[in-house]
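One structure is given below, encoded as structure tokens.
Just so you know, ligand 1 is whichever comes first in the structure, and atom 1 is the first atom listed for that ligand.
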Amino acid sequence: MSNFVDAIMADVKAKNAAQPEFHQAVQEVVESLEPVIEKHPEYKEAKILERIIEPERVIMFRVPWVDDQGQVQVNRGFRVEFNSAIGPYKGGLRFNPSVNLGILKFLGFEQIFKNSLTTLPMGGGKGGSDFDPQGKSDQEVMRFCQSFMSELFRHIGPNTDVPAGDIGVGGREIGFMFGQYKKLRNAFEGILTGKGLGWGGSLIRPEATGYGCVYFVEEMLKTQGKSLDGLKVAVSGSGNVAQYATQKVNQLGGKVVTLSDSSGFIVDNDGIVGEKWDYIMNLKNIRRGRIKEYADKFGCEYHEGTGIWNTKVDVAIPCATQNELDGDSAKTLVDNGCFCVSEGANMPSTPDAVDVFLKNKILFGPGKAANAGGVAVSGLEMSQNSMRFSWSREEVDEKLHRIMKDIHTASIDAADKYGTPGNYVNGANIAGFLKIANSMMDQGIV
Ligand code: NDP
Ligand code: 2IT
């Protein structure tokens, strides 16, 4: 590691102790940016990197609520408003027991560059709570969401900060939070994305992250004259991103053979398609059950715990959570002939895994490029809200497709220009950074 990276990382670690995921996300970006900073001493002088690494604002608050037994529960809520150089803060809310400030800072930091890559005017932010929606009744989830919004509402606004969903936050939670915001402010405003279609949501937003991630796979494959037709694909997770990644792979002629949840994973070599995909949608979005039930119903393999990446596939699309794919898993995938990985989740591959992919020169699409389709369509939802108008499914899907192609081109071009052709990690970090850095330079030391 160079002195430049060392110096920045020593400071980041000293100031942000016990935030390993944040260190991990920053380190990758800083390493990618070294050649850019060398070429542009003005960025170094203006301390652009040091400023980007420090969130503009962090809000942390108490979220008290009453459960179905009448007991008082207390959770912690957060919103990290990371960077507003190119637009209002934008990024999801995560409800999961693992949530803490370090996790949300890694996510908010990644979001800055991802949002810049979409070409739309959105700054970076992230928020959430350590609340666990699993096993909670709809009423409990509603009471929690109302309490959460009773504090968050004073910090957000259509031109200030526009949250959305992430792990544990889908259409149901967005609805409860929107209702509470509207009541408190007496204003019907586009302050959340991922809304229902009847009250300001955009067509294709639920599909966008998964579809976009598979469009990114298509673009990567095209550089080698390949297509998804006939390829075997491992998808992890079974939530929003995994569901629609699976549907799009199926539509493009590939075959998804795995899905997982936090308990274990299934392997169905006949493909998770047709009525089996419908079953997953019902199981995960309505009944809110476990993935094992799929194996019981259709008689395929189920394994408790990890091991999903031992499945022999051509393409891997991790869509569950951070650091779910480690160096050993990456080696196994590559040894088994996998030649393309596209990250639907945020930072699902550990640094060791990324090393394995890059050293073996497989097609590797990092999350901030490959999963940017979700926030891109959130940006389109904001535009439609501002216009008080909505686009058709086809129009939104076409814009999403165009954006994913443009992100692919921008990443490839930046990787080429700065001396690491084919390295989408460097390319995405550099392309995302340049617009932010130049905007910050224009706006002075603020
Ligand atoms: P969901 O809550 O809909 O689904 C999450 C899935 O991942 C579930 O199957 C869940 O299993 C599994 N999972 C969560 N935590 C763990 C864990 N610790 N170990 C194993 N499995 C786990 O979330 P999304 O599909 O929206 O998000 C998935 C990933 O995609 C996240 O990394 C998110 O940040 C990223 N992302 C999401 C976008 C969006 O638009 N929704 C946009 C861009 C990225 P279980 O149900 O058992 O918890
Ligand atoms: O990680 C992400 O990009 C998201 N969870 C979506 C954010 C958004 O504002 O749509």
Side-chain angles (χ1 to χ4, degrees), residues 21 87-99 103-104 106-115 117-118 120 122-128 132-135 161-174 190-195 201-202 204-213 235-246 259-266 280-281 283-285 288-292 294 305-306 308 317-325 342-349 366-382:
E21 294 85 3
Y89 308 108
K90 182 85 197 85
L93 297 170
R94 178 177 289 192
F95 293 169
N96 191 265
S98 64
V99 163
I103 299 258
L104 295 179
F106 116 64
L107 289 162
F109 182 74
E110 293 272 299
Q111 199 82 43
I112 304 170
F113 303 93
K114 185 197 300 191
N115 293 3
L117 282 170
T118 66
L120 303 174
M122 298 181 288
K126 200 86 189 187
D132 186 359
Q134 249 179 62
D161 185 356
V162 183
D166 192 78
I167 292 178
V169 178
R172 175 182 61 168
E173 292 75 16
I174 293 290
I191 42 84
L192 290 166
T193 58
K195 298 186 290 298
S202 174
I204 300 287
R205 176 62 189 88
E207 293 89 340
T209 312
Y211 280 16
C213 187
V235 173
S236 67
S238 50
N240 173 263
V241 181
Q243 292 161 11
Y244 288 103
T246 300
L259 283 174
S260 67
D261 61 20
S262 54
S263 310
F265 67 97
I266 53 164
I280 291 284
M281 296 301 278
L283 174 70
K284 287 295 175 183
N285 304 335
R288 299 180 191 272
R290 309 308 299 159
I291 199 77
K292 179 177 185 301
Y294 176 103
T306 55
I308 188 169
I317 311 188
C319 299
T321 193
Q322 63 274 356
N323 293 327
E324 57 165 310
L325 199 169
S342 188
E343 294 187 327
N346 286 306
M347 209 169 76
S349 312
K368 60 172 83 65
N371 72 37
V375 74
V377 174
S378 278
L380 300 178
E381 183 171 327
M382 290 167 71

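Contact check on Arg205 versus Glu381 returns no salt bridge, with no Lys/Arg side-chain nitrogen under 4.0 Å from an Asp/Glu carboxylate oxygen. The existence of a salt bridge linking Lys292 and Asp261 is excluded, since no basic side-chain nitrogen approaches an acidic carboxylate oxygen closer than 4.0 Å. Salt bridge annotation for Lys90-Asp161: absent, with no cationic side-chain nitrogen under 4.0 angstrom from a carboxylate oxygen.
Nearest to atom 2 (O) of ligand 1 among the protein's heavy atoms is Gly168 N, 2.9 Å. Scanning the protein heavy atoms around atom 6 (C) of ligand 2, the nearest turns out to be Arg205 NH2, 3.6 Å. Scanning all protein heavy atoms for the shortest distance to atom 27 (O) of ligand 1 gives Ile167 CG1, 3.7 Å. Looking only at protein heavy atoms, the nearest one to atom 25 (O) of ligand 1 is Val241 N, 3.0 Å. Among all protein heavy atoms, the one lying closest to atom 20 (C) of ligand 1 is Ser262 CA, 3.6 Å. In this structure, the protein non-hydrogen atom closest to atom 7 (C) of ligand 2 is Gly92 N, 3.5 Å. The protein heavy-atom contact nearest to atom 33 (C) of ligand 1 is Asp166 OD1, 3.2 Å. Considering only non-hydrogen protein atoms, atom 4 (O) of ligand 1 sits nearest to Gly239 CA, 3.3 Å. Given atom 10 (O) of ligand 2, the protein heavy atom at minimum distance is Ser378 OG, 2.6 Å.
By the 3.5 Å distance cut-off applied to N or O atoms, Gln322 is not counted among the residues near ligand 1. Of the N or O atoms in Pro163, none lie within a sub-3.5 Å distance of an N or O in ligand 2. Checked by distance only, ligand 1 and Lys126 stay at 3.5 Å or farther apart across all their nitrogen or oxygen atoms. Geometrically, ligand 1 and Lys114 share no nitrogen or oxygen pair separated by less than 3.5 Å. Residue contacts with ligand 1: Asn240 is placed with a nitrogen or oxygen under 3.5 Å of a nitrogen or oxygen of the ligand (distance criterion only). Checking only distances, Asp166 does come within under 3.5 Å of ligand 2, N or O to N or O. When only interatomic distances are considered, the shortest N/O to N/O separation between Asn371 and ligand 1 does not fall below 3.5 Å.
For ligand 1, the atoms sitting less than 4.0 Å from at least one non-hydrogen atom of Gly344 are 30 (O), 35 (C), 36 (N), 44 (C), numbered in the order shown with element in parentheses. Within ligand 2, the atoms closer than 4.0 Å to a non-hydrogen atom of Lys90 are 8 (C), 9 (O), numbered from 1 in the order shown. Near Gly91, meaning under 4.0 Å from any of its heavy atoms, are these atoms of ligand 2: 7 (C), 9 (O). If you number the atoms of ligand 1 from 1 as listed, the ones under 4.0 Å from a heavy atom of Thr209 come out as 38 (C), 39 (C), 40 (O), 42 (C), 43 (C). Taking a cut-off of under 4.0 Å to the non-hydrogen atoms of Ala345, the atoms of ligand 1 that pass are 29 (C), 30 (O), 32 (O), 35 (C). Within ligand 2, counting atoms from 1 as listed, the ones closer than 4.0 Å to a heavy atom of Ala164 are 8 (C), 9 (O), 10 (O). For ligand 1, the atoms lying closer than 4.0 Å to a non-hydrogen atom of Ser260 are 9 (O). The atoms of ligand 2 that sit less than 4.0 Å from any heavy atom of Lys126 are 1 (O), 2 (C), 4 (C), 5 (N). Residue-ligand proximity, Ser238 to ligand 1, at heavy-atom distances under 4.0 Å covers atoms 9 (O).
Of the candidates Asp132, Leu107, Thr321, the one placing a heavy atom closest to atom 17 (C) of ligand 1 is Thr321. The heavy atom nearest to atom 28 (C) of ligand 1, out of those in Cys319, Ser263, Gly237, is found in Cys319. For atom 46 (O) of ligand 1, the candidate residues are Arg288, Arg94, Gln134; the nearest heavy-atom contact is made by Gln134. Compare Gly373, Pro133, Ala376, Ala320 by their heavy atoms: the one nearest to atom 29 (C) of ligand 1 is in Ala320.
Shown here for Phe106 and Met347, the closest heavy-atom pair between the two residues is CE1-CB, 3.5 Å. Across all non-hydrogen atoms, the minimal contact from Lys126 to Leu104 is CB-O, 3.7 Å. Counting all heavy atoms, side chain and backbone alike, Gly168 lies closest to Pro133 at O-CG, 3.8 Å. Taking each heavy atom of Ala164 and Val169 in turn, the nearest pair found is O-CG1, 4.3 Å.
There is a side-chain donor-acceptor pair under 3.5 Å between Lys114 and Asn371. Side chains of Asn240 and Glu207: no donor on one and acceptor on the other come within 3.5 Å.
In this structure, the separation between CD1 on Ile204 and OG1 on Thr209 is 11.5 Å, given to the nearest 0.5 Å.
Residue Asn346 touches ligand 2 through its side chain alone, judged by heavy-atom distances below 4.0 Å. For Lys114, every heavy-atom contact with ligand 2 shorter than 4.0 Å involves the side chain, none the backbone.
Ligand 1 has at least one atom lying under 4.0 Å from a heavy atom of Arg290.
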